[in-house]
Each structure stands twice: as structure tokens, then as C-alpha cells.
Amino acid sequence: MAIILGPNRYGKAETRLVRVTRDGATHHLKDVNVSTSLSGDMEAVHLTGDNTAVLPTDTQKNTVYALARKHGVDQVEDFALLLARHFTTAQQAIRHARVEVEEYAWDRIPVTGHSFVRRGGEVRTCVVHHDRDGRATVVSGLTDLVVLNTTGSEFHGYAVDEYTTLPPATDRVLATAVTARWRHAGDTPSYGDSYERVRSCLLEAFAGTHSLSLQQTLYAMGERALSECPEICEIRLALPNRHHFAVDLSPFGLDNDNEVFHAADRPYGLIEGTVLRDDAPEPGFAWE
């Protein structure tokens, strides 16, 4: 029996970067979390401890800061592509780079041009791959987009066995925290515009779908995004079902016509699915 080295990569996880752009008295703020991961000719370091091909993870961290200073940070996808191209072209041993970025949004406080308040809500994400041959993939996304419908949701007609206790629902609260990732089919002129369009489609479909199941809502959200955003070809969604149970108030002589709920945090149903165009190009390493 032979023992061999399998796929491997290494990098610097969660480099926190805040970039301030000063335009006179008006300042602009970018707050991101960058993770880099490199792979290539790394057999020697694993098998013999020869570090010749290893670009230190500390250097990867420094590169994030240096390129942010040199080039600024606008759309996170463009910055991730810049970093990935740098690593695969600057180091002979590096054949593939993966860069993941999370963006935390801030809103300007109108009193001054340099005061901000952290925006609640979702975190914008992206994952970029780039290899030595110039092949690149871009997956944009968001996480923790919390949404809720107070009506317009049902769940009944499901499979029943001896352990089933869940009663059918014809009018229930539907709440979830959306994680969505979408693959770009090719060049996207503006990742920022694309992000806003996809986000709007997800919200509109969630609000506009009379839901018979969270699975149905998931598909409707993905279908809307793909129908209205031709620059993307595949979207993957994860929707935890944040259960809201009507509280029994009868012991207190009170009725409860879907007005008072217990919001349970766990356990929760987790609905996941992929929606894609039938002519979507092969993803290659996009989802790795």
C-alpha cells in the first residue's frame, strides 16, 4: 500500500481590513474580512519540510494591506480578483489562488462627512478563484439576510408516520435568514449593480410568493434572480426555517388568532437547493 499526498492548500484566514478614502472633507469607508488560500507545488513542504515554495501566510496578510493602499477597495469581487491574480503571477510555485471576502456595510451619519454607523442586516460575500492559466471564477453572495412574512404561508399534505406530531398549517409565519451564493457566467460590468439586482429579486420573490413550503419559496427566489439577472447562471440558497409557534393563551382565558408567537431559535429546519440555467457553463473550481 502506498501513501500519497492529496489535495492541499494553505493561506491566511480573516485578515481584517478597513480602508478609508479621503475625498476632501467627505470620507468613504470599506470594511472587509479577507481570506486567502494558495495551492501549487507544495509536495516538498509536506513531505520533507522544505519551505522553498511557501509564501508565508504573514506575507499574504501584508499583500492584502499593500494592494488596498495601492489600488483602493471598491467592489469586493474586483479586489478579490486583483489579489488572486497577484498571487498566481508573482510566485512561480503558486498555481491556484482562492480569495474569499466578506463586506460589512456602514452608513454615513449626515452631521459630518467622516462619521458612520454600522448597518444592520446582511453581510455581502464573494469567493474568487484564479489559476496560473488565467482561468477565473467569481461567486458573489450574501448571508444573514433576515426576512419574515406574517401571513401567506402554509404547510400541509406532508408525509406522516408514527412519530409525526406537527399539525398542518394553513396560515403561518414564515421567517428565514437567507444565505445565497450566485455564479457569474462571464464578465460582469458592475458587481455592485449586479449585487443590488439579485438582492432585490430575492426579496421580491420571498414577499410575492404564496408559500406552500419553504422549498417552493427557495425555487421562486432562485428563478426570479436568474430570470432578471442574465449575468448570473447558477444560484445556491440555504434557508433555515426560523419557526414561530402560536402561544396557547387559553389557560389565561385569552384567544390567539395568530397574533402572539414564540420565536424558537433551535432546532430548525434547513432547506438548501440550487437553481441554474440549463445552459450554464461548467462550474470548474467555482464552488471549491
Side-chain angles (χ1 to χ4, degrees), residues 7-23 27-42 45-46 51-108 114 116 118-119 121-144 179 181-184 187-195 284-288:
N8 60 88
R9 61 190 181 193
Y10 78 104
K12 199 68 161 181
E14 300 197 45
T15 297
R16 292 290 282 111
L17 164 67
V18 174
R19 176 62 156 89
V20 177
T21 302
R22 302 173 187 275
D23 183 14
H27 296 177
H28 305 276
L29 186 68
K30 278 286 184 175
D31 183 359
V32 296
N33 195 31
V34 182
S35 295
T36 58
S37 188
L38 310 179
S39 57
D41 299 329
M42 298 294 158
V45 65
H46 288 89
N51 294 321
T52 304
V54 176
L55 184 70
T57 65
D58 188 68
T59 304
Q60 296 178 44
K61 174 202 70 178
N62 293 340
T63 303
V64 170
Y65 293 133
L67 295 191
R69 173 63 184 91
K70 289 181 178 179
H71 303 282
V73 182
D74 186 14
Q75 301 304 316
V76 290
E77 292 88 349
D78 290 323
F79 185 61
L81 281 166
L82 177 72
L83 286 166
R85 291 191 188 106
H86 170 84
F87 289 125
T88 55
T89 57
Q91 297 294 324
Q92 184 64 32
I94 304 303
R95 299 188 179 277
H96 189 105
R98 179 187 188 274
V99 180
E100 181 173 1
V101 183
E102 298 176 338
E103 179 180 358
Y104 313 111
W106 293 77
D107 292 323
R108 191 184 311 282
H114 59 265
F116 299 84
R118 173 74 177 267
R119 186 188 309 167
E122 79 274 11
V123 174
R124 181 175 171 180
T125 65
C126 78
V127 175
V128 163
H129 287 266
H130 196 281
D131 68 8
R132 177 67 60 78
D133 298 326
R135 296 175 299 179
T137 61
V138 177
V139 172
S140 300
L142 55 81
T143 188
D144 291 330
T179 294
R181 298 179 296 158
W182 52 90
R183 178 162 62 99
H184 293 263
D187 292 334
T188 297
S190 170
Y191 289 108
D193 291 345
S194 178
Y195 177 86
F285 39 61
W287 298 109
E288 296 177 5

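Between R124 and V76, the closest heavy-atom pair is NE-CG2, 3.8 Å. Minimum interatomic distance between A105 and R118 (heavy atoms only, all atoms of both residues): O-CD, 3.5 Å.
Residues Y104 and N33 meet the side-chain proximity criterion, which asks for heavy atoms closer than 4.5 Å. By the 4.5 Å heavy-atom criterion applied to side chains, R183 and T137 are not counted as neighbours. The shortest side-chain heavy-atom distance between V138 and T188 does not fall under the 4.5 Å cut-off. Residues E103 and Y195 fail the side-chain proximity criterion, which asks for heavy atoms closer than 4.5 Å. Here the side chains of S194 and E77 are not in contact, with every heavy-atom distance at 4.5 Å or above.
A search for side chain to side chain donor-acceptor pair (under 3.5 Å) contacts involving R9 returns nothing, not counting sequence neighbours. Among residues two or more places apart in sequence or in another chain, the side chain to side chain donor-acceptor pair (under 3.5 Å) test is passed with R19 by none. Residues passing the side chain to side chain donor-acceptor pair (under 3.5 Å) test with D41, sequence neighbours excluded: R95. Not a single side chain to side chain donor-acceptor pair (under 3.5 Å) links R22 to another residue, sequence neighbours left out. In terms of the salt bridge (Lys or Arg N to Asp or Glu O under 4.0 Å) criterion, D78 has no residue partners (sequence neighbours excluded). In this view, K12 satisfies the salt bridge (Lys or Arg N to Asp or Glu O under 4.0 Å) rule with no residue, not counting sequence neighbours. Taking the ring pair (Phe, Tyr, Trp, His ring centres under 6.0 Å) definition, one finds that F285 meets it with H96, H129, sequence neighbours left out. For D144, the salt bridge (Lys or Arg N to Asp or Glu O under 4.0 Å) criterion is met by no residue, not counting sequence neighbours. Every side-chain contact (heavy atoms from CB on, under 4.5 Å) that N8 has, sequence neighbours left out, goes to L5, M42, H46. In this structure E100 satisfies the salt bridge (Lys or Arg N to Asp or Glu O under 4.0 Å) test together with R98, sequence neighbours excluded.
Distance check: D131 CG to I94 CD1 gives 12.5 Å after rounding to the nearest 0.5 Å. The structure places OG1 of T143 at 10.0 Å from CZ of R181, a figure rounded to the nearest 0.5 Å.
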Please table the atom pairs, donor to acceptor, closer than 3.5 Å between any side-chain atom in residues 79-90 and protein atoms at least two apart or in another chain.
residue	atom	partner	partner atom	Å
T88	OG1	A84	O	3.1
T88	OG1	R85	O	3.2
T88	OG1	H130	ND1	3.2
T89	OG1	R85	O	2.7
T89	OG1	H86	O	3.3

**OP:** Start with the C-alpha distance between V45 and Y10, add both sets of side-chain angles, then the distance that settles side chain to side chain contact (heavy atoms under 4.5 Å, CB included), and finish with yes or no.
**Re:** CA-CA 11 Å; V45 65; Y10 78 104; over 6 Å; no
Original post:
Are D31 and R16 close enough, and set up right, to give a side chain to side chain contact (heavy atoms under 4.5 Å, CB included), and what steps lead you there?
Top reply: CA-CA 8 Å; D31 183 359; R16 292 290 282 111; 2.7 Å; yes
Original post:
Where do Y191 and H184 land on the ring-ring contact (aromatic ring centres under 6.0 Å, His included) test, with the steps shown first?
Top reply: CA-CA 10 Å; Y191 289 108; H184 293 263; 5.0 Å; yes
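When each of L17, V99, V73 is tested with V64 by the rule side chain to side chain contact (heavy atoms under 4.5 Å, CB included), just one qualifies, namely L17.
Residue-environment remark: CG (D133) exceeds the threshold of 12 foreign heavy atoms within 6.0 Å.
Under the 3.5 Å distance criterion, the side-chain polar atoms of S35 are matched with a main-chain donor or acceptor of E14.
Residue pairs meeting the salt bridge (charged side-chain N to carboxylate O under 4.0 Å, His left out) criterion with at least one member in residues 58-71, sequence neighbours excluded: D58-K61.
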